[in-house]
There are 2 protein chains.
Amino acid sequence: MSFDLDGFLPYRLAVAAAQVSRRFAALYEAEAGLSIPEWRVLAHLGKSGPVSVRDITQRVNLDKSVVSRAATRLEQAGHLRKSGHDSDQRLVVLELTEDGRALMARLGRIADAFQAELLAELGEDAAPLLRALERLDR
Amino acid sequence: MSFDLDGFLPYRLAVAAAQVSRRFAALYEAEAGLSIPEWRVLAHLGKSGPVSVRDITQRVNLDKSVVSRAATRLEQAGHLRKSGHDSDQRLVVLELTEDGRALMARLGRIADAFQAELLAELGEDAAPLLRALERLDR
DNA sequence: TTGACATCGTTGCGCCAGCAACGGTATTTT
DNA sequence: AAAATACCGTTGCTGGCGCAACGATGTCAA
């Protein structure tokens, strides 16, 4: 019997992720013209407060060059501020501006609504799905 | 309470998919120097037999330009053959060569082993995960 | 202290995905 | 039958990703 792509987990995972990502990206693209990296950086900053590029890189799973450029764009758009770290001059500290916090509040509501929509589609499979995803990127 | 990225499904899904994809891509990259689109086209052809670019495009969720270029590279590498369709001249029919079938046989074994590894990591959450993924790209 | 080494963020570069446009073919309409 | 429309696959183009190199700063060891 030959290999079956349709039952292959990496493939199904990639397709589902792409699909869901596109659906959601359309929402925040319409709301604020953000790209995926920009959205992730913003979302992380909204939760964490002031933090270095390096911290974000690790937490949101993006290359540091991607985070760096996303931060630059967000800064130009007035959503965040860059500043130096007190004791370690190598670090660049990122922090939301008032504008950024307001934007993130709006996006947070949109994201929560989308999450609710997804959970409704998933029904009882939602919980095990989240558990499984947790295990996969151990 | 502010929005929580870590519990956000599109994000978790994207991260898990990227992680798993990288792990597996390393395997077939080492075995045959294939890219993701090339692997998908090959895998689909292995199962379906001769089929048009358009069919693959729909089934493996890739843009037609991506499938077209992947097919060209696979043809140059000797893994597949392009030919015209009998009744509809617009169609390009793709078909594995003997070499392509042999390669796919090797890759199929590797993929099956990797799948088994993943299922072991997932344990009881494997089945609901697949169901959930199915629902998400309905 | 000074030299070797590690870490941080930015930038340059190669490459590929995604979109649009195109030539070529089929199908539908009138 | 001719014209309009739809579909298929390739190709050109742009933008962004990912890698590596770099300058700048920090740390560690002798």
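A, B, ... follow the sequence lines: proteins, then strands. Residue 1 opens every chain. All heavy atoms count here, side chains included; hydrogens, waters and symmetry mates do not.
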- Task: Check the pair B:S65, B:D63 against side chain to side chain donor-acceptor pair (under 3.5 Å), reporting the backbone distance first and the verdict last.
- Result: CA-CA 5 Å; B:S65 66; B:D63 188 84; 2.6 Å; yes

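Atom CZ of residue A:R101 and atom CE of residue A:M104 lie 12.5 Å apart, to the nearest 0.5 angstrom. The CG atom of B:L45 sits 8.0 Å away from atom CG of B:L74, with the distance rounded to the nearest 0.5 Å.
Contact of B:S65 with C:dC19 (side chain to base): a donor-acceptor pair of N or O atoms is detected under 3.5 Å.
Going from atom CD of A:Q89 over to atom C1' of D:dA24 covers 10 Å, rounded to whole Å. In this structure, CG of A:L62 is placed 16 Å from C1' of C:dT10, rounded to the nearest angstrom. Between the CD atom of A:Q19 and the C1' atom of C:dG18 there is a distance of 16 Å, rounded to whole Å. Between the NZ atom of B:K64 and the P atom of D:dG12 there is a distance of 16 Å, rounded to whole Å.
With respect to B:F114, the ring pair (Phe, Tyr, Trp, His ring centres under 6.0 Å) criterion is satisfied by exactly one of B:Y28, B:W39, B:F24: B:F24.
Applying the 4.0 Å criterion to OP1 and OP2 of C:dT10, one finds that A:S68 has a side-chain N or O inside that range.
When hydrophobic clusters are built by joining Ile, Leu, Val, Met, Phe, Trp and Tyr residues whose side-chain heavy atoms come closer than 4.5 Å, directly or via intermediates, B:V20 is grouped together with B:Y11.
For the segment residues 29-44 of chain B, residues with any heavy atom less than 4.0 angstrom from an atom of DNA chain C are, sorted by number, B:P37.
Backbone-only contact: B:S52 has heavy atoms under 4.0 Å from sugar-phosphate atoms and none from a base.
Between the side chain of A:Q115 and the main chain of B:L9, a donor-acceptor pair closer than 3.5 Å is present.
Annotation: of the two residues near DNA chain C, A:R90 and B:R69, the 5′-most nearest-nucleotide partner is A:R90.
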